[in-house]
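Sequence lines set the chain letters: A, B, ... in the order given, protein chains first and strands last, and positions in each chain run from 1.
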2 protein chains.
Amino acid sequence: MITKVLIAEDHESANISVQKTLEELSITNTSHAYYCDDALNKVVNAVKAGDSFDLLITDLYFEPDGTKQVIHSGTELITAVRAIQPDLKILVFSAENKPATIDLLHRELDVDGFVRKARHDAKELKQAIKELAQHRRYFPRHIMQLIDKKNVYAFTDFDITVITLLAEGVLQKDIPSYLQNKGIKPSGLSSVEKKLNQMKEALEFTKNEQLIAYCKDLGII
Amino acid sequence: MITKVLIAEDHESANISVQKTLEELSITNTSHAYYCDDALNKVVNAVKAGDSFDLLITDLYFEPDGTKQVIHSGTELITAVRAIQPDLKILVFSAENKPATIDLLHRELDVDGFVRKARHDAKELKQAIKELAQHRRYFPRHIMQLIDKKNVYAFTDFDITVITLLAEGVLQKDIPSYLQNKGIKPSGLSSVEKKLNQMKEALEFTKNEQLIAYCKDLGII
DNA sequence: TACCCCATTACGGTTTCCCATAAAAAATGC
DNA sequence: GCATTTTTTATGGGAAACCGTAATGGGGTA
């Protein structure tokens with residue numbers, strides 16, 4: 001049974017509508033946090049007081065506004081609260097639609113649900129909370145389809161390093177020295193060229209610019 | 001006096017919170033539209049019935065979901081309703097923070113107010129509606145400051161076309177023929193090179209890959 | 001019309017990238 | 001230990017990109 005919920009969301013308006021949705025599910029014991037640090041504090045205090053939360057609904061992106069914060073993003077918040085209260089159910093409510101990010105939430109951070117801020121998000125939110133109350137996870141099919149699509153090529157750490165360097169403006173011929181400085185091998189220019197060719201061939205691209213655009217779209221870099 | 005309001009917003013949750021905010025201002029005569037076409041229809045019908053709206057609160061971005069729509073964006077909607085009902089007050093409520101867009105709203109589309117979806121957006125929304133009821137415009141100072149600050153480079157249609165072609169894998173030397181086919185001028189290779197250099201210099205980049213990454217981050221392409 | 005100004009285009013030299021091939025090094029198998 | 005295979009690195013020629021400069025062309029003005 002879900003009765004006590006914490007909402008971590010910097011947008012006041014989003015906060016309001018989440019609360020309203022919860023009210024429609026007869027959940028009135030809600031707390032709000034407009035900053036990640038504040039959210040973590042509330043979780044800590046609730047556990048200390050022996051009155052812990054049942055569910056955390058959190059956004060991923062929190063806009064900096066000048067006030068110093070230790071935790072800056074929803075993903076960091078998730079790992080932090082998990083360390084404090086492992087059994088806390090976590091539902092991510094975000095406009096995020098990059099497959100890489102959603103995949104991270106699903107597999108590595110192992111959150112209980114994801115609802116994308118979109119046309120029918122309030123209805124979805126209700127559905128998700130109902131599912132979570134039944135101890136099921138909520139990742140709608142149309143979201144998971146996004147994830148599968150990205151599996152046309154599995155980017156390795158090496159791939160990502162090389163692409164990131166390119167996106168930062170490093171000349172291809174200068175990449176080997178960067179790799180050596182970081183102790184990454186292989187570091188030869190030919191190896192870099194080979195990797196780039198492999199990626200481009202797998203994705204049917206011909207130019208580095210396409211790779212950059214593709215990786216940006218998927219949130220890989 | 002503002003009594004009858006139309007909310008054009010594809011996100012259900014945002015729609016809810018706007019309505020709640022209006023209720024707190026004792027405005028209960030509200031209509032909702034989840035698509036631009038629907039919003040325009042409601043404006044038209046209200047005018048025909050001699051019971052027109054006092055205020056339109058609209059988002060800028062409406063996510064396509066397969067249903068065929070004539071109008072696809074808030075900016076198009078704004079020009080369309082202005083043609084129907086010139087005295088309709090328009091308040092844009094959007095997460096948009098690109099200086100160029102806000103500038104467009106302020107100067108060319110001449111909307112009555114802009115509230116950014118951000119931390120205290122509900123409070124701002126209330127304030128904005130109060131201002132509009134007094135026949136004043138509402139563009140908070142911190143928004144207008146954004147315009148000056150972040151305006152590092154204003155991308156033209158030509159810029160975006162060139163960058164898009166690069167991101168699609170078109171060779172730089174082949175871009176001129178593409179431009180000619182689309183009837184865009186200038187179309188010379190030197191002009192393309194010059195534009196790319198201008199952009200890169202303005203943003204302190206050295207490589208096209210950086211430009212692609214930057215434009216992807218900003219959602220320009 | 002003649003002239004100037006500006007934007008556009010054309011051209012040539014240099015650098016970087018691309019690609020195929022070969023050499024070197026490392027891993028594997030017997 | 002030695003041969004084989006695979007991975008990594010090196011090299012060179014040709015294509016594309018980069019960059020400065022010169023030529024072209026169109027619009028405005030007297």
Side-chain angles (χ1 to χ4, degrees), chain A residues 152-218 220-221, chain B residues 100 151-218 220-221:
Chain A
V152 280
Y153 181 83
F155 289 88
T156 65
D157 288 346
F158 184 80
D159 296 335
I160 294 170
T161 303
V162 170
I163 293 174
T164 303
L165 287 171
L166 282 179
E168 287 170 354
V170 178
L171 290 177
Q172 205 163 300
K173 74 179 181 68
D174 293 335
I175 289 182
S177 61
Y178 278 78
L179 293 175
Q180 282 175 350
N181 288 343
K182 291 182 185 171
I184 298 172
K185 55 190 172 185
S187 66
L189 180 57
S190 291
S191 297
V192 172
E193 291 174 342
K194 188 184 170 189
K195 262 292 166 199
L196 283 169
N197 279 333
Q198 282 177 357
M199 288 189 264
K200 281 185 278 193
E201 190 186 6
L203 296 163
E204 294 181 341
F205 292 159
T206 56
K207 301 208 62 203
N208 289 342
E209 282 90 336
Q210 288 173 286
L211 260 184
I212 304 289
Y214 180 80
C215 290
K216 276 290 178 189
D217 279 339
L218 263 59
I220 293 170
I221 58 172
Chain B
N151 205 359
V152 278
Y153 183 81
F155 289 88
T156 66
D157 288 347
F158 184 81
D159 296 336
I160 294 169
T161 304
V162 171
I163 292 173
T164 303
L165 286 172
L166 282 179
E168 287 169 353
V170 178
L171 290 178
Q172 206 162 300
K173 74 181 182 67
D174 293 336
I175 289 182
S177 60
Y178 278 78
L179 294 175
Q180 282 175 349
N181 288 342
K182 292 182 186 171
I184 297 172
K185 53 190 173 186
S187 65
L189 181 57
S190 291
S191 297
V192 172
E193 291 174 342
K194 187 184 170 189
K195 263 292 166 200
L196 284 169
N197 279 333
Q198 282 177 358
M199 289 189 262
K200 281 184 278 193
E201 191 186 5
L203 296 164
E204 295 182 339
F205 292 160
T206 56
K207 302 207 63 206
N208 289 343
E209 282 90 336
Q210 288 172 288
L211 261 183
I212 304 290
Y214 180 79
C215 290
K216 275 290 176 189
D217 280 340
L218 261 61
I220 292 171
I221 59 171

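Partners of B:Thr164 according to the side-chain hydrogen bond (donor to acceptor under 3.5 Å, both in side chains) rule, which considers only residues two or more places apart in sequence or in another chain, do not exist here.
In this structure the side chain of B:Val192 reaches within 4.5 angstrom of the side chain of B:Leu179, judged on heavy atoms. B:Leu165 is not listed as a side-chain neighbour of B:Val162, based on a closest heavy-atom distance of 4.5 Å or more. Using a 4.5 Å heavy-atom threshold, the side chains of B:Leu189 and B:Ile175 count as separate. Between A:Leu196 and A:Leu211 there is a side-chain heavy-atom pair separated by less than 4.5 Å.
Less than 4.0 Å separates DNA chain C from at least one heavy atom of each of the following residues of residues 171-195 of chain B: B:Pro186, B:Ser187, B:Gly188, B:Ser190, B:Ser191, B:Lys194.
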B:Thr156 and B:Asp159: side-chain contact (heavy atoms from CB on, under 4.5 Å), yes or no, with the steps?
CA-CA 5 Å; B:Thr156 66; B:Asp159 296 336; 3.1 Å; yes
Would you check, one step at a time, whether the test side-chain contact (heavy atoms from CB on, under 4.5 Å) holds for A:Phe205 with A:Met199?
CA-CA 8 Å; A:Phe205 292 159; A:Met199 288 189 264; over 6 Å; no
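Read 5' to 3', the first and last nucleotides of DNA chain C with an atom closer than 4.0 Å to a heavy atom of chain B are C:dT8 to C:dC17. Of all nucleotides in DNA chain D, those with any atom nearer than 4.0 Å to a heavy atom of chain B start and finish, going 5' to 3', at D:dA16 to D:dC19.
Residue pairs that meet the ring-ring contact (aromatic ring centres under 6.0 Å, His included) test with at least one member in residues 156-191 of chain B, sequence neighbours left out, do not exist here. Applying the side-chain hydrogen bond (donor to acceptor under 3.5 Å, both in side chains) test to pairs two or more places apart or on separate chains, those with a residue in residues 181-203 of chain B are B:Lys195-B:Gln198, B:Lys200-B:Asn208.
With no hydrogens or angles considered, no side-chain donor-acceptor pair links B:Asp174 and B:Ser177 at under 3.5 Å.
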